[in-house]
Amino acid sequence: MPSNADIAAVFEQMAALLEMKGEVVFKIRAYQRAARTIEHLPFSIEERVASGQPLKGIPGIGEAIEKKTIEFIQTGAVRALEELRGELPDGVLTLMNVPGIGPKTAMRVARELGVTTIEGLEKAILEGRMAALPRMGEKTAENILRHTRALSLRTKDKRTPIGVALPVAEEVIAALRDRCPGLRKLIPAGSLRRWRETVGDIDLMGAADEPQQAIDAFVVLPQVMEVIGHGPKKASAVVKPGIQVDLRIVEDESYGALIQYFTGSQQHNIRLRDRANRMGLSLNEYGITDIATGRVEEFADEEAFYARLGLQLMPPEVREGVWELELAEKRALPRLVELGDIRGDLHVHSDWSDGREPLETMVAAAAARGYQYVAITDHSAGRGIANGLAEERLRQQIDVLRDLSARHSIAVLTGSEVDIRADGTLDYSDEMLAALDVVVASVHSAMGQERERMTQRIIQAMRHPSVTVIGHLTCRLLEERDPIEVDVEAIFQAALETGAILEINASPERLDLKDIHVQRARELGVPLVISTDAHHSDQLAHMRFGVAVARRGWCEARHILNTLPRERFLALIKAPKPERVRLIKQGVA
DNA sequence: GCCGTTTTCGGCCCGACTGTTTTCAGTCG
């Protein structure tokens, strides 16, 4: 059962090997483009093929790539790829993992030095054989050596979770603004601005009268550990704790074109350029050039830039190069859900279990965010390690919360994050669960169960009359723990049937559901909430990450139930489940 | 290999930086 990522990897490798062979660049790009498109599709290619739907129509996928995709799904291999592998030296793909080594260098190193491993490469550099190659030199060899050494700790495609990268970006921005009064604008661009769950590096874009001053100030910031490149308009550096930051500064007039260009995605830009070409225009980061006259138009903001191309401004979160251009042309983009639409948080811990602050603090912080409701959901009894609450303590907590609710304008909902046990039963009695306003049921144990059993386990919990929400469905921890094996499509169907709501867990370590799941859930009409799983009042601010995931799934406020005002939200979660199913089908939000 | 409100053939995104070169190739995004 190949995932979209597996299929994308096949075409990435095709592209890399064709590039080494010296194939025409356009063929290479076609494979790269297909790979990246497939990686970001909101549906499973494997399922689409199984249901007999064509792949043609997906941008960048034509006859040849469709055939190879089907071949891969059916046989687990692609003959053309195997043949290419046979023609080229073993290990060249490994060498290409080293930053600074592209296809040309990888081939020369393999052919002329007989080196096909990272260890062999390091040896060749230390012995001076690398620098002796034509158009190679001491500095190039030295740089590559530095990268191979870093590689033993981190690979080229090791990505940083957005929850780590965004605060780093914000810190650098603040520091640079502080030292550079002439800096008029400065924002994160790239995958960070598109709110991808992980980023490869941090792109910062700005506008200033004297770009060079800002660039020079950047490379000497205390956060900078190592300067990689430093020119008049652009610099790259590694900042603490080891993330690469690329900074570009232009003058005000071309700021719109700059941020458009560097927000990407690459696929989005390639499609945009394609469109511009057909209009007789050429795009770059400084503006739009009329090819016939050579006249350059500059744009101070993105809206005007897109308008010149006949397009509605697209939120960065949807710029993945799949279907947004068609909708922007028809001015049919949805108004995506915003942080300000959120009326409550439904997954919050306190120091009664493994949270770090008292109930009072958490409730006051939720009220201070302007929420109309908040649910306290400490762990259930079975979570010994998280100081889960025995039923008696939970009953005490309910009393305390009733009292708190009376003293605050915010509605304080009683709740629990109850374990779904390995056999699909829940960790409290039915009477206990029925006494709660909000029951978030989550898997925390026996995560290695096989797919069918895990799926049935979760569906059994969804059918329980008192279960309101399923928490962090796939249990993944970004770059730390793989998701559990679960049939997400079956879970979505069960959600529609049972009225169980699915959580978008906004904790930046989780982001679970993830963007493409949310996109699919939205298409099916599956009810969703966004919750922070906060263990500290500061973490209520993680809501922004969850909202971003929903936006990447093209959700409007009506798709997210905790955008509902208090009375309607309470009516919904207190309705018996069959009634809730009916309300949700009507489009309650 | 993909694609078409100029085209089913002939195009295909564009520039910065580095290191090695005296005009440019390779890599990256």
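Scope of the values below: all heavy atoms of this structure, side chains included, with no hydrogens, waters or symmetry mates. Naming convention: chains lettered A, B, ... in sequence-line order (proteins, then strands); numbering from 1 in each chain.
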Give me, pair by pair, the N or O atoms of the protein and of nucleotides 6-8 of chain B that are less than 3.5 Å apart, along with how far apart they are.
none

Between N or O atoms, less than 3.5 Å apart, protein on one side and nucleotides 24-26 of chain B on the other: list the pairs.
{"unit_1": "B:dC24", "atom_1": "O2", "unit_2": "A:Arg135", "atom_2": "NH2", "d": "3.3"}
{"unit_1": "B:dG26", "atom_1": "O3'", "unit_2": "A:Thr105", "atom_2": "OG1", "d": "3.3"}

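Whole-Å rounding puts the A:Met96 CE to B:dC28 C1' distance at 11 Å. In this structure, the CG atom of A:Leu309 is 15 Å from the P atom of B:dC13, given to the nearest Å. The distance from atom OH of A:Tyr31 to atom C1' of B:dC2 is 11 Å, rounded to the nearest whole Å. The distance between atom CZ of A:Arg271 and atom C1' of B:dC14, rounded to the nearest whole Å, is 18 Å. Protein atom CD1 of A:Ile28 is 13 Å distant from nucleotide atom C1' of B:dC12, rounded to whole Å. Rounded to whole Å, atom C1' of B:dC14 lies 19 Å from atom CZ of A:Arg275. Atom pair A:Leu18:CG and B:dC2:P shows a separation of 12 Å (rounding to whole Å applied).
Residue contacts for A:Tyr286: at a heavy-atom cut-off of 4.0 Å it reaches the sugar-phosphate backbone alone, with no base atom in range. Nucleic acid contact class of A:Glu66 (heavy atoms, under 4.0 Å, all strands): none. Across all strands, A:Asn269 comes closer than 4.0 Å to no nucleic acid atom at all (heavy-atom distances).
Residue A:Ser236 places no side-chain N or O under 4.0 Å from the OP1 or OP2 atom of B:dC17. Side-chain N/O atoms of A:Arg29 include one lying less than 4.0 angstrom from OP1 or OP2 on B:dC13. Look at A:Lys234 and you won't find any side-chain N or O under 4.0 angstrom from OP1 or OP2 of B:dC17. Regarding contacts with the backbone of B:dT20, a side-chain N or O of A:Thr140 is found under 4.0 angstrom from either OP1 or OP2. A close approach under 4.0 Å does not occur between any side-chain nitrogen or oxygen of A:Asn284 and OP1 or OP2 of B:dC13.
When each of B:dC13, B:dG15, B:dC2 is scored by its nearest atom to the side-chain atoms of A:Ile65, the top-ranked nucleotide is B:dC2. Side-chain atoms of A:Asp201 lie closest to B:dG29 of the nucleotides B:dA16, B:dG19, B:dG29. Among the nucleotides B:dC17, B:dG29, B:dG1, the one closest to any side-chain atom of A:Lys68 is B:dG1. Listed nucleotides: B:dC13, B:dC17, B:dG15. Nearest to the side chain of A:Ile270: B:dC13. Listed nucleotides B:dG15, B:dG29, B:dC2 differ in distance to A:Gln266; the shortest reach to its side chain belongs to B:dG29. Set against B:dC2, B:dG15, B:dC13, the side chain of A:Glu285 has B:dG15 as its closest nucleotide.
The separation of B:dC13 from B:dT8, taken at their C1' atoms, amounts to 23 Å, rounded to a whole angstrom.
Each of A:Glu63 and A:Phe262 has a nearest nucleotide on DNA chain B; the 5'-most of these lies closest to A:Glu63. Heavy-atom distances to DNA chain B give each of A:Leu283 and A:Lys233 a nearest nucleotide, and the one nearer the 5′ end belongs to A:Leu283.
Below 30°, between 30° and 60°, or above 60°: for A:Trp195 and A:Phe545 the angle between ring planes is above 60°, a perpendicular geometry.
Under the Watson-Crick or G-U wobble criterion, with both distances below 3.5 Å, B:dT8 has no partner in any strand shown.
Taking the O4'-C1'-N9-C4 or O4'-C1'-N1-C2 dihedral as appropriate, B:dT22 has a value more than 90° from 0 and is therefore anti.
Residues of residues 202-220 of chain A that place a heavy atom closer than 4.0 Å to DNA chain B do not occur.
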